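Order of the sequence lines sets the chain letters (A, B, ...), proteins ahead of strands, with each chain counted from 1. Computed from a predicted model, the values in this text were never measured in an experiment.
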Amino acid sequence: MMLLFNDLTRKREEFVPITPGKVSFYSCGPTVYDYFHIGNARPFIVFDVLRRWLEHEGYKVTFVQNFTDIDDKMIHRAHQEHITVAELADKFIAEYNRDADALGIRRPDVSPRATEHIPEIISTIEKIIANGHAYVSEGDVYFDIRSWPKYGSLCKQNLEDLEAGARVEPGEKKRDPLDFALWKAEKPGEPSWPSPWGKGRPGWHIECSAMSSKYLGDNIDIHSGGVDLMFPHHENEAAQSEAASNSGKPFVNYWLHNGFLLIDSEKMSKSLGNFLTARAAIEKYPPLALRFFMLSAHYRSPINFTPESLEQSSAGVERLRNCKGDLDFAAKTRRNDSASFDVDGYKSQLQELDKKFSDAMNDDFNTAAAMGILFDVVYLINTTMKDNETLPGEFFTLSQNALKGYDDILGVIGSDEAENDDAEIESLIQERTEARKAKNFKRSDEIRDELKERGIVLEDTPQGTKWKREL
RNA sequence: GGCGGUAUAGCCAAGUGGUAAGGCAGAGGACUGCAAAUCCUUUACCCCCAGUUCGAAUCUGGGUGCCGCCUCCA
C-alpha cells in the first residue's frame, strides 16, 4: 500500500489509481525563457524519482511535463534578445534537456508545448464559456470565479482573503479581481493566434488544463509542482479543467507539492544576488551530490542549499560509491565459489532491508528514510566483505543487484564508464606496484601524488591496488 | 492581517504514544611502508510552559523562533 500526502485534503491517503495498474501523472514544467535554476531542479528530480518508484511498484506510468513557451516573460525576453519567442523557446528547451540529462532526470513520456496546442486550448476555453464559467470582455476571456463554488478549495483560502491581495492590471476588464485570463487579446508586437474572440494568446493556466486533458484525460491521478504553484496556478487549473469537462469528477485525485528550496536560508532571487542556475550548480557540484541533496530531505520539507550541505552530500555519495567500487573490485579479486558462506541468511538480510526501503518509499515517498536504509545496505555489504576473506559469486550478484536496484530509482551512486586514459593509469599503477615491491616508496608516493592531482585516488588492498576517479 | 508549514546531536536529517534511523564532521583504536577505503568504540535534557496518558519527540492548549503562499517565482 502506498500513502501519498494529498494537498487537496491535507492528509496522507492511500494511493488508488483510477485504472488499476496505471498512473496518469502531470508535472508542471519550466517556462523556457532562461536556464532553469536550482530551485526548479528540485521538483524535476524529486518527481522523476516518484515516477520511477511508481514504475518499480508495477504501475504503467504516463508522465507528462509541459514546456510553457508563451507568456509575458517569454515575450519580454525575446524582445530583449531580438529573437522570436519561438526561437527563444527552442533554445531553452534544448538547454533544459541538457541540464536535466546531466542531472539524471528521465525524459517525460510527453513534453507538450503550449504553442503547439492552441486548438486544444481554444476548444477548452469554448467549453468553459459554454458551461457558463467564463465570459468574453473586449477580446479577453476571463474565468468567472464567482460561478465556481469550489474556487479556493485547493489553497484553502476564502475568497475575501484572496481578494485582498488580488491585483488588477490596468486595462483588464474583469468582473471580479480574482477572475483570471483564459485568453488575452493581442497586443502590438506580441505573438498571436486567431480565435473566436479575435487574435490573441492563451493565459498562463489554460495550457496545462488543455494539455493534461489531451494526453491524460479529464480525471488524472497525480499532479505535481512547487508549493508556490498551489495558488494561483493550480487552483486556477483545477477550476478551468473541471469547468470545461463538467463531468463532476475532480481534475486531479492527488495533488503533490514539493517544499521550497532556499539558498543560505533565503529565498533565491535575482535581487538578493543568490540566484543559482542548475547549469552553474552542475559545474560546481557533482550531479550525483545534487541529487543526493534533493533526496536527503522529505520532498515536502523546505531544504536549504548551502556549500556545507552540498559538501556533506558529496561525502555521502562517496561512501555509496566506495561501497560499489569495493564490491566490484572484490568480485574480481576475492571471488571463490567454494567459499563457505550463508547465502540464504545473507539474502534474507537484504530482503529485510528491501522491505524497509519499500515501506519508506511507500510512506508518502519518504526518500530521506529510504536513503537511510540504503546506507544500512552499504553497511551490510561492507561488514560482510570485512568478515569474509573470499566470497561466492552469489554474494556479489546479490549485492551488486541490490545496489543497482536502489540506484535505478534514486540515481545517487552512478556507474563508472571507461575513459581513454584508463590504460595509462593502469600502467602507472603497475609501475608503482613494482616500486613498492622494491620498497621504493619515494617513487611509489610520487606516482600516487601525480595521479591524485589528476583526480585519481589509489587504495592499496591485500588483493592489489584499487583506483577510482574522484567525483 | 489571512492561510499553511516547520523547530530533533557541531552540521544535515528520519521518526504521527512504548525508553531517539541514517549521513557528514570530530575523537580514540584496528588495518596500512605511509595513506586511502573499511571496520570497532565514542557524541541528544527531541524550542519553552502547561495538560491528557501507566507511558509523549510524537496528542491537546498557550507561547517563542524561522520559512512559504496570498505579487504569472518550482
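- With C1' as the reference atom, B:C67 and B:G10 are 23 Å apart, rounded to whole Å.
- One atom, NZ of A:Lys452, and another, P of B:C34, lie 19 Å apart when rounded to the nearest Å.
- Side chain of A:Lys386, nearest nucleotide from B:G23, B:A74, B:A30: B:A30.
- Checking the phosphate oxygens (OP1, OP2) of B:A74, no side-chain nitrogen or oxygen of A:Arg42 falls inside 4.0 Å.
- Of the candidate nucleotides B:C69, B:C40, B:U38, B:C40 has the atom nearest to the side chain of A:Thr383.
- In the set B:C12, B:U38, B:A13, the nucleotide with an atom closest to the side chain of A:Ala368 is B:A13.
- Nucleotide B:A25 has no partner under the Watson-Crick or G-U criteria, as no pair reaches both atom distances under 3.5 Å.
- Between the C1' atoms of B:U58 and B:A20, the separation comes to 11 Å (whole Å).
- A residue-by-residue look at A:Arg12 and A:Asp72 shows that A:Arg12 has its nearest nucleotide of RNA chain B further toward the 5' end.
- Taking the side chain of A:Asp460 as heavy atoms from C-beta on, and the options B:G68, B:C34, B:U38, the nearest nucleotide is B:C34.
- A salt bridge links A:Asp101 to A:Arg107: one of the charged nitrogens lies within less than 4.0 Å of a carboxylate oxygen.
- Among the nucleotides B:C3, B:C39, B:A37, the one closest to any side-chain atom of A:Tyr379 is B:C39.
- With sequence neighbours excluded, the residues satisfying side chain to side chain donor-acceptor pair (under 3.5 Å) with A:Thr115 are A:Asp69.
- Position along RNA chain B of the nearest nucleotide to A:Asp376 versus A:Phe5 favours A:Phe5 as the more 5'-ward residue.
- B:A50: Watson-Crick or G-U partner is B:U60, with both key distances under 3.5 Å.
- Using C1' as the reference atom, B:G15 and B:U32 are 39 Å apart when rounded to the nearest Å.
- One finds a side-chain N or O of A:Asn366 lying less than 4.0 angstrom from the OP1 or OP2 phosphate oxygen of B:G15.
- Straight-line distance between the P atoms of B:A57 and B:C45: roughly 13 Å, to the nearest whole Å.
- Rounded to an integer number of Å, the gap from CG of A:Asn382 to P of B:U38 is 7 Å.
- Under the 30°/60° scheme for interplanar angles, the aromatic rings of A:Trp204 and A:His233 are found to lie parallel.
- Here B:U38 is the nucleotide among B:C70, B:U38, B:C24 with the atom lying nearest to any side-chain atom of A:Asp326.
- Here the P atom of nucleotide B:C72 and the CZ atom of A:Phe231 are 9 Å apart, to the nearest Å.
- Between A:His223 and A:Tyr26, the ring planes lie tilted relative to each other; the angle falls in the 30° to 60° range.
- Look at B:C73: it lacks any Watson-Crick or wobble partner with both distances under 3.5 angstrom.
- Atom C1' of nucleotide B:G23 and atom CD1 of A:Ile413 are separated by 14 Å, given to the nearest angstrom.
- Under the side-chain contact (heavy atoms from CB on, under 4.5 Å) rule, A:Met211 has a single partner from A:Val64, A:Val110, A:Asn66, which is A:Asn66.
- If you check B:A74, B:G23, B:C39 against the side chain of A:Phe292, the one that comes closest is B:G23.
- A:Gly225 comes within 4.0 angstrom of the backbone, heavy atoms only, and of no base.
- Between A:His234 and A:His257, the ring planes lie tilted relative to each other; the angle falls in the 30° to 60° range.
- Considering only side-chain atoms of A:Ala369, the nucleotide from B:C73, B:C67, B:A14 that sits closest is B:A14.
- Atom OH of A:Tyr26 is separated from atom P of B:A74 by 13 Å (rounded to the nearest Å).
- Comparing B:C69, B:A25, B:A14 by their nearest atom to the side chain of A:Ser301 picks out B:A14.
- When distances run from any side-chain atom of A:His298 to the nucleotides B:A14, B:A30, B:A74, the shortest one goes to B:A14.
- The nearest whole Å value for the distance from the NE2 atom in A:His37 to the P atom in B:A74 is 5 Å.
- At the heavy-atom level, A:Arg319 lies under 4.0 Å from the strands shown only through sugar-phosphate atoms.
- Distance noted for atom C1' between B:C31 and B:G65: 48 Å (whole Å).
- Using a 4.0 Å heavy-atom criterion, one finds that A:Leu261 contacts the bases of the nucleic acid, with or without backbone contacts as well.
- In summary, of the residues considered (A:Asn366, A:Asp364, A:Asn258), a side-chain hydrogen bond (donor to acceptor under 3.5 Å, both in side chains) with A:Tyr299 occurs for A:Asp364 alone.
- If you measure from atom CG of A:Asp34 to atom C1' of B:C72, you get 16 Å, rounded to the nearest angstrom.
- Distance check on atom P: B:G28 versus B:U43 gives 16 Å, rounded to whole Å.
- For the side chain to side chain donor-acceptor pair (under 3.5 Å) test, no residue two or more places apart in sequence or in another chain qualifies with A:Arg42.
- As judged by a 4.0 angstrom heavy-atom cut-off over every strand, A:Glu308 is placed among residues making no nucleic acid contact.
- Using cut-offs of 30° and 60° for the angle between ring planes, the A:Tyr96 and A:Phe36 rings count as tilted.
- Among the heavy atoms of the strands, none lies under 4.0 Å from A:Arg201.
- If you measure from atom CG of A:Asp359 to atom P of B:U16, you get 12 Å, rounded to the nearest angstrom.
- Across every strand in view, B:G65 sits in a pair with B:U6 that passes the Watson-Crick or G-U test at under 3.5 angstrom.
- Residue contacts shown for A:Leu374 are absent, as no nucleic acid heavy atom lies under 4.0 Å away.
- The gap from the C1' atom of B:A13 to that of B:U8 amounts to 9 Å, rounded to the nearest Å.
- A:Arg300 has no side-chain polar atom (N or O) that falls below the 4.0 Å cut-off from OP1 or OP2 of B:C67.
- Residue contacts for A:Ser296: at a heavy-atom cut-off of 4.0 Å it reaches the sugar-phosphate backbone alone, with no base atom in range.
- Across every strand in view, B:A20 sits unpaired, with no contact that passes the Watson-Crick or G-U test at under 3.5 angstrom.
- RNA chain B is contacted by A:Phe441, A:Ser444, A:Asp445, A:Arg448 of residues 437-450 of chain A, taking any non-hydrogen atom closer than 4.0 Å.
- Classified by interplanar angle (parallel below 30°, tilted 30° to 60°, perpendicular above 60°), the ring pair A:Trp148/A:Phe143 is perpendicular.
- Residues A:Phe395 and A:Phe341 place their aromatic rings such that the two centres sit under 6.0 Å apart.
- For B:U53 and B:A21, the P atoms lie 29 Å apart once the distance is rounded to whole Å.
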